[in-house]
Enquirer: 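Provided herewith is a single structure, encoded as structure tokens, for subsequent inquiry.
Just so it is clear, the model here is predicted, and its values are computed rather than measured. Numbering of residues begins at 1 and proceeds along the displayed sequence.
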Amino acid sequence: MNKHALSSGLRFGALASLLLGLQACAPTTPQWDSRFGETVRLTSQQQTLNPNAGGDAPVNGIDGATGRESIGRYRSSFREPPPPAAPISIGVQR
């Protein structure tokens, strides 16, 4: 291989690197940048059931005694988990 072919290959590589480097500095799609985040905002608005919710309105739910009992049962289910079902009895009613 001669010296001339090697230097022209290096020149071509340097020129290609320079062009790729300059392309990285070029402005990207301005029409996309102007609408950045629009889809997220639209999706959030569509998922809001009542945008005017909140305020001093009372919360509809269960009374305190029922809530306390259900939380107690929930917590005790972790202390005393139900026994596992035998594989042969799955789907069999007693």
Side-chain angles (χ1 to χ4, degrees):
M1 201 150 127
N2 62 16
K3 251 180 158 181
H4 181 65
L6 183 60
S7 71
S8 67
L10 287 175
R11 285 183 192 160
F12 178 74
L15 181 63
S17 298
L18 179 67
L19 290 175
L20 285 174
L22 287 176
Q23 183 183 6
C25 296
T28 57
T29 56
Q31 68 271 16
W32 289 352
D33 293 342
S34 66
R35 297 184 340 201
F36 184 77
E38 186 176 313
T39 306
V40 174
R41 283 190 295 275
L42 178 64
T43 304
S44 296
Q45 290 172 0
Q46 289 174 343
Q47 291 177 355
T48 303
L49 182 64
N50 183 2
N52 298 323
D56 297 331
V59 177
N60 296 329
I62 58 176
D63 62 307
T66 306
R68 184 177 37 246
E69 182 65 27
S70 63
I71 291 295
R73 287 184 188 174
Y74 173 75
R75 289 180 179 159
S76 68
S77 71
F78 291 102
R79 279 182 254 142
E80 304 162 8
I88 200 140
S89 67
I90 293 177
V92 178
Q93 295 183 2
R94 295 180 186 179

Enquirer: Run the side chain to side chain donor-acceptor pair (under 3.5 Å) test against Thr66 and tell me which residues pass, sequence neighbours left out.
Expert: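 Testing Thr66 for side chain to side chain donor-acceptor pair (under 3.5 Å), a comparison that skips the adjacent residues, returns Asp63.
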
Enquirer: List, by chain and then residue number, the residues other than Leu15 in its hydrophobic cluster (Ile/Leu/Val/Met/Phe/Trp/Tyr, side-chain heavy atoms under 4.5 Å); write none if there are no others.
Expert: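 Direct or chained contacts put Leu15 with Leu19.
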
Enquirer: Partners of Arg73 by side chain to side chain donor-acceptor pair (under 3.5 Å), sequence neighbours excluded?
Expert: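 Arg73 satisfies side chain to side chain donor-acceptor pair (under 3.5 Å) with Glu69 only.
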
Enquirer: Return the OG1 to CD distance between Thr48 and Gln45, rounded to the nearest 0.5 Å.
Expert: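 Thr48 atom OG1 to Gln45 atom CD measures 7.5 Å (nearest 0.5 Å).
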
Enquirer: What's the spacing between Leu18 CG and Arg11 CZ if we round to 0.5 Å?
Expert: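 It comes to 14.5 Å.
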
Enquirer: Closest heavy-atom contact between Ser70 and Ile62?
Expert: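 Taking every non-hydrogen atom into account, OG-CD1, 4.5 Å.
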
